[in-house]
Amino acid sequence: PIETVYSQVHWISHGKMPLPQNIIDRFANGKLMAITGYEVDQVRIDESSGEEVSVPITWAYNHHYVTYVLNSKKARLVKKKTTEEMKKRGLHHGAD
């Protein structure tokens with residue numbers, strides 16, 4: 001689990017998280033897929049029941065959520081070092 005308290009920021013890559021195999025198979029061999037939206041849910045463990053419950057967006061608003069969807073053949077994500085110029089302009093968002 002990722003544990004934070006009010007005012008803390010969690011800005012760490014979680015690495016590769018592959019799509020389900022049936023989706024990969026369906027769009028293999030160069031087929032195009034249009035993603036028109038996606039949803040995320042932040043949850044917490046209810047202390048009385050031990051079950052996951054959704055966290056109200058007013059408790060944990062995350063306007064920096066981002067995802068990258070890359071194909072296996074033609075695209076790649078490259079992590080670059082942060083330059084001093086990027087830092088001065090506020091373009092590093094906590095990167096190295």
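The model shown is predicted, which means the values in this text are computed figures rather than measured ones. Here, residue 1 is the first one in the sequence, and each next residue gets the next number.
- Residue-environment remark: CZ (Arg44) exceeds the threshold of 12 foreign heavy atoms within 6.0 Å.
- In this structure, Met33 and Leu19 have side chains that are in contact, with non-hydrogen atoms separated by less than 4.5 Å.
- Qualifying salt bridge (Lys or Arg N to Asp or Glu O under 4.0 Å) partners for Glu85, counting only residues two or more places apart in sequence or in other chains: Lys88.
- In this view, Glu51 satisfies the salt bridge (Lys or Arg N to Asp or Glu O under 4.0 Å) rule with no residue, not counting sequence neighbours.
- Shown here for Lys31 and Arg26, the closest heavy-atom pair between the two residues is CD-O, 3.2 Å.
- In this structure, the side chain to side chain donor-acceptor pair (under 3.5 Å) partners of Gln21, at least two apart in sequence or on a different chain, are Asp25.
- In this structure, Val55 and Val43 approach most closely via the heavy-atom pair CG2-C, 3.6 Å.
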